[in-house]
Amino acid sequence: MIDAKKVKLMTRMASYENNEGKEDLRISAYYRKDYVSLHTLYSVIWVTVGYGCLVLLMGVCMFDTLMESASMGLLISMGVLVIIGYFAVVVIYAAVSHVIYNKKHQRARMRVKKYNHDLTRLLKIYEKESR
């Protein structure tokens, strides 16, 4: 005889495994601090690359203007602005990515816990059937 509870449970578990389960299991394999730190570091690295490309592109576009009015004071002040802008962007990006990846890990962990609970329930159903 087919048990409707078991079929519903197995269907829900299979759906989870096929959709978001693979990524959730991969995410929850990390400790939260390690996962958040690693992805925040990746974000900072990519922001650094992007900011460097942006500064380089703006420097190339404004090269003629900079050379016409080139003075040591102007170059130093622009350099200071670029560095301050870089640190501001990195701090903001790191804070936002820290929050995002922390929530992502928490949500994945909650879904995996629910999945493990469903596995335990399924095991108990099988144990009852085997008696």
Side-chain angles (χ1 to χ4, degrees):
M1 187 79 189
I2 297 177
D3 186 14
K5 274 175 95 173
K6 185 170 74 172
V7 171
K8 287 180 186 178
L9 186 61
M10 290 173 74
T11 304
R12 183 173 62 222
M13 290 170 57
S15 173
Y16 173 75
E17 287 174 358
N18 289 334
N19 294 329
E20 55 200 12
K22 292 175 188 173
E23 185 177 349
D24 285 350
L25 291 172
R26 187 179 52 79
I27 289 171
S28 67
Y30 290 98
Y31 290 112
R32 182 183 306 157
K33 183 179 177 182
D34 293 341
Y35 180 77
V36 171
S37 299
L38 179 67
H39 283 81
T40 301
L41 180 64
Y42 288 161
S43 295
V44 168
I45 290 170
W46 283 111
V47 164
T48 301
V49 169
Y51 193 82
C53 290
L54 182 67
V55 167
L56 185 65
L57 183 65
M58 294 203 43
V60 167
C61 290
M62 298 175 63
F63 185 73
D64 290 338
T65 308
L66 287 174
M67 288 300 122
E68 287 174 3
S69 61
S71 69
M72 192 55 95
L74 177 67
L75 294 176
I76 290 174
S77 64
M78 288 191 66
V80 168
L81 284 175
V82 166
I83 291 171
I84 289 172
Y86 169 73
F87 283 119
V89 168
V90 165
V91 166
I92 290 169
Y93 233 88
V96 169
S97 65
H98 181 80
V99 169
I100 288 171
Y101 287 113
N102 196 9
K103 286 183 182 180
K104 187 174 182 177
H105 188 276
Q106 283 178 338
R107 290 180 182 142
R109 207 48 212 141
M110 285 180 8
R111 288 189 296 263
V112 168
K113 282 183 181 181
K114 185 177 179 184
Y115 176 73
N116 286 337
H117 179 70
D118 288 345
L119 278 174
T120 304
R121 286 179 53 200
L122 187 62
L123 180 64
K124 287 180 182 179
I125 290 172
Y126 278 122
E127 286 176 355
K128 283 183 182 179
E129 286 179 354
S130 66
R131 290 183 196 170

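Everything numeric here is computed off the predicted structure, so don't read it as measured data. Quick note: numbers below take in every heavy atom, side chains included, and nothing from hydrogens, waters or symmetry partners.
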Distance in Å, [X] [atom1] paired with [Y] [atom2], rounded so as to fall on 0.5 Å steps:
X    : Y    : atom1 : atom2 : value
S77  : L74  : OG    : CG    : 5.0 Å
Q106 : R109 : CD    : CZ    : 11.5 Å
H98  : L41  : NE2   : CG    : 13.5 Å
Y101 : Y30  : OH    : OH    : 12.0 Å
Y115 : L25  : OH    : CG    : 7.0 Å
L57  : M62  : CG    : CE    : 11.5 Å

Check your understanding: Aromatic rings Y86 and Y51: how do their planes relate, parallel, tilted or perpendicular, breaks at 30° and 60°?
Key -> tilted
Quick check on the hydrophobic clustering: are [X] and [Y] connected, directly or via other members, by side-chain heavy-atom contacts under 4.5 Å?
X    : Y    : result
Y93  : I83  : yes
L119 : Y126 : yes
F87  : V82  : yes
M10  : I125 : yes
I92  : V55  : no

Point to revise | side-chain contact (heavy atoms from CB on, under 4.5 Å) assessment of C53 paired with L56 | key: CA-CA 5 Å; C53 290; L56 185 65; 5.7 Å; no
Practice item. Start with the C-alpha distance between Y31 and H105, add both sets of side-chain angles, then the distance that settles side-chain contact (heavy atoms from CB on, under 4.5 Å), and finish with yes or no. Key: CA-CA 9 Å; Y31 290 112; H105 188 276; over 6 Å; no
Point to revise | M67 CE: over 12 foreign heavy atoms closer than 6.0 Å | key: yes
**Study point:** R107 CZ: over 12 foreign heavy atoms closer than 6.0 Å
**Key:**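 Not more than 12 within 6.0 Å, no.
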Practice item. Would you please test E23 and R111 for salt bridge (charged side-chain N to carboxylate O under 4.0 Å, His left out) and show each step? Key: CA-CA 11 Å; E23 185 177 349; R111 288 189 296 263; over 6 Å; no
Review point. Looking only at atom types and distance, does a side-chain atom of S130 sit under 3.5 Å from a main-chain N or O of E127, one as donor and one as acceptor?
Key: yes
Exercise for review: Would you confirm whether H39, through its side chain, and Y35, through its main-chain N or O, come within 3.5 Å as a donor-acceptor pair?
Suggested key: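 Yes; at least one donor-acceptor contact below 3.5 Å.
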Review point. Do Y16 and D118 have side-chain atoms, one donor and one acceptor, less than 3.5 Å apart?
Key: no
Practice item. Work out which heavy atom in A94 is nearest to a heavy atom in T40; give both atom names and the distance. Key: O-CG2, 3.8 Å
